[in-house]
Number of protein chains: 2
Amino acid sequence: MSRPARVSPDRILAAAALEFAGRGFAGARVDRIARRARVNKAMLYYHFKSKDRLYRTLLRRMFTLAAERMQTIGAAGASPAEKIDRVIAGMAAFIDEHAFFPKIVLREVADGGAHLDRETLAALAAVPRSVGAIVQQGVTSGDFGPVHPLFAYFSMLAPVMFFLAGSPIWKELAPLVTEASTPPTADFVVHQQHGMRRFLSFAPDSPARPTT
Amino acid sequence: MSRPARVSPDRILAAAALEFAGRGFAGARVDRIARRARVNKAMLYYHFKSKDRLYRTLLRRMFTLAAERMQTIGAAGASPAEKIDRVIAGMAAFIDEHAFFPKIVLREVADGGAHLDRETLAALAAVPRSVGAIVQQGVTSGDFGPVHPLFAYFSMLAPVMFFLAGSPIWKELAPLVTEASTPPTADFVVHQQHGMRRFLSFAPDSPARPTT
DNA sequence: GTCTATACTTCGATAGAC
DNA sequence: GTCTATCGAAGTATAGAC
């Protein structure tokens with residue numbers, strides 16, 4: 001079989017990922033994407049119809065990949081607590097492979113999902129749905145205390161997104177924040193894993209009234 | 001005393017907050033800021049020298065305000081656990097008063113702090129430093145288990161930022177994620193408070209080896 | 001301090017040959 | 001599928017009168 005040799009679209013998507021992550025949708029320049037993909041602008045507009053469609057195509061692909069990884073973790077045989085460990089480590093690994101991912105997510109959250117059509121929104125929803133299902137299993141089995149699955153998703157992964165998206169800043173910020181030794185980036189995953197085990201654990205104590 | 005009547009700079013900063021939060025630094029348009037502030041462009045460039053300096057002025061102001069609030073909480077007389085409750089509720093209240101704040105933070109994290117000079121970075125650092133000091137007190141007193149203050153800061157407040165910055169999206173997303181009732185936005189703060197109490201609590205159990 | 005008018009640049013997108 | 005050349009719109013910033 002002759003390969004279709006459709007290497008351009010993939011190269012364009014890879015270049016777009018870097019550009020959109022680094023500058024945001026509004027700040028992204030189509031010229032830069034084309035140049036980085038070693039393709040001229042007309043070629044880019046031939047494959048993708050517009051800047052918007054290029055962006056949405058990229059996001060759908062990334063959300064789908066991330067959701068698949070979370071789904072795989074949920075389908076495996078393991079205790080709920082161990083699955084939570086794997087969700088956190090799995091997302092960190094995914095970000096390690098696709099460094100642009102958390103930046104784009106943060107920007108899209110700030111944009112209020114302005115560039116997401118229904119299809120892309122559905123692809124995004126698959127990520128918290130997969131993770132939420134794992135949490136729900138733990139609640140039902142009694143391993144976890146009662147908690148809203150979507151809330152747990154945010155408590156679990158927002159710090160990972162936040163921390164790994166801005167690691168260069170934190171390295172610059174750390175000396176201004178604490179006199180303790182600079183934080184080893186990789187240890188944050190372990191920190192979050194240990195903490196979330198307790199966060200989600202059933203706690204018979206603590207009346208824990210809300211405080212203003 | 002005659003009032004200086006310097007109402008323009010404040011109106012410009014207020015308009016800039018909305019514009020920068022809604023579109024990001026690159027997407028923000030100076031014309032829109034000027035129009036929203038009911039001031040012409042030349043006036044804007046008269047008070048602030050450039051788009052960059054306007055942005056940094058805004059950020060310094062917001063970071064300083066947020067840090068002051070955290071510092072007040074830390075200085076009050078209360079148990080470490082209760083202070084954590086107040087930090088979470090206090091940040092949520094601050095965001096409620098300045099809805100643009102978490103959006104700008106998320107964007108700046110994604111930008112890798114590209115627009116932050118040394119002075120603005122120092123203002124930003126005061127926020128995690130204040131919160132980190134509270135955490136450190138709890139660790140020292142034995143109320144909390146051993147934890148890096150900066151890590152705890154992220155685990156505590158990143159979900160709050162993330163959730164409150166994107167509340168319109170989550171409302172649209174929730175039905176696609178869970179068949180359970182839609183999550184009441186205000187309850188997230190209580191969820192995070194209760195969870196973080198356990199997250200930070202001293203846990204003699206759990207060998208908790210890292211999982212890949 | 002405040003305005004109008006505009007210089008200069010860069011953007012997203014397309015035309016049309018090959 | 002791929003290219004060069006370019007259009008019209010929109011951007012940041014400034015000049016200069018008041």
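What you see is a predicted model, and the numbers here were worked out from it, not measured in a lab. Chain letters run A, B, ... following the sequence lines, proteins first, then strands; residues in each count from 1.
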Between atom CZ in Arg32(B) and atom P in dT12(D), what is the gap in whole Å? 8 Å

Residue pairs involving residues 89-98 of chain B (criterion salt bridge (Lys or Arg N to Asp or Glu O under 4.0 Å); sequence neighbours excluded): Arg69(B)-Glu97(B)

Euclidean distance, atom CG of residue Asp52(B) to atom P of dA13(D) [Å, nearest integer]: 7 Å

Write down the distance between CZ (Arg11(B)) and P (dG1(C)), rounded to a whole number of angstrom. 13 Å

Salt bridge (Lys or Arg N to Asp or Glu O under 4.0 Å) contacts in which one or both residues fall within residues 116-140 of chain A, not counting sequence neighbours: Arg56(A)-Asp117(A), Arg60(A)-Asp117(A), Arg60(A)-Glu119(A)

Is any side-chain heavy atom of Leu176(B) closer than 4.5 Å to one of Leu124(A)? no

Strand contacts (DNA chain C) in residues 33-42 of chain A, 4.0 angstrom heavy-atom criterion: Lys41(A), Ala42(A)

Length of the NZ-P vector between Lys49(B) and dA13(D), whole Å: 11 Å

Please list all pairs meeting salt bridge (Lys or Arg N to Asp or Glu O under 4.0 Å) that have one or both residues in residues 46-55 of chain B, counting only residues at least two apart or in different chains. none

Sequence neighbours excluded - salt bridge (Lys or Arg N to Asp or Glu O under 4.0 Å) pairs with any residue from residues 100-112 of chain A: Arg107(A)-Asp111(B), Asp111(A)-Arg107(B)

Report, one line per pair, each donor and acceptor closer than 3.5 Å where one atom sits in a side chain of residues 39-46 of chain B; sequence neighbours left out.
unit_1, atom_1, unit_2, atom_2, d
Asn40(B), OD1, Ala42(B), N, 3.3
Asn40(B), OD1, Met43(B), N, 2.9
Lys41(B), NZ, Asp31(B), OD2, 3.2

Whole-Å distance separating the CG atom of Leu44(B) from the C1' atom of dT12(D): 11 Å

Taking side-chain hydrogen bond (donor to acceptor under 3.5 Å, both in side chains) as the cut-off, I'd like each qualifying pair that reaches into residues 154-176 of chain B, sequence neighbours left out, listed once. His191(A)-Ser155(B), Gln192(A)-Ser155(B)

Protein-nucleotide distance (Phe48(B), atom CZ; dG1(C), atom P), rounded to Å: 12 Å

For Tyr46(A) and dG1(D), what is the distance between atoms OH and C1' respectively, to the nearest whole Å? 5 Å

Would you indicate which nucleotide in dG1(D), dG12(C), dA13(D) comes nearest to any side-chain atom of Tyr45(B)? dA13(D)

N/O donor to acceptor pairs below 3.5 angstrom from side-chain atoms of residues 13-27 of chain A, sequence neighbours left out:
unit_1, atom_1, unit_2, atom_2, d
Glu19(A), OE1, Arg32(A), NE, 3.3
Glu19(A), OE1, Arg36(A), NH2, 2.9
Glu19(A), OE2, Arg29(A), N, 2.9
Glu19(A), OE2, Arg32(A), NE, 2.8
Glu19(A), OE2, Arg32(A), NH2, 3.2

Using a heavy-atom distance cut-off of less than 4.0 Å, which residues of residues 14-31 of chain A contact DNA chain C? Ala28(A), Arg29(A), Val30(A), Asp31(A)

Atom-to-atom span, OH of Tyr55(B) to P of dT12(D) - whole angstrom: 15 Å

Geometric class of the His98(B)/Phe94(B) ring pair [parallel <30°, tilted 30-60°, perpendicular >60°]: tilted

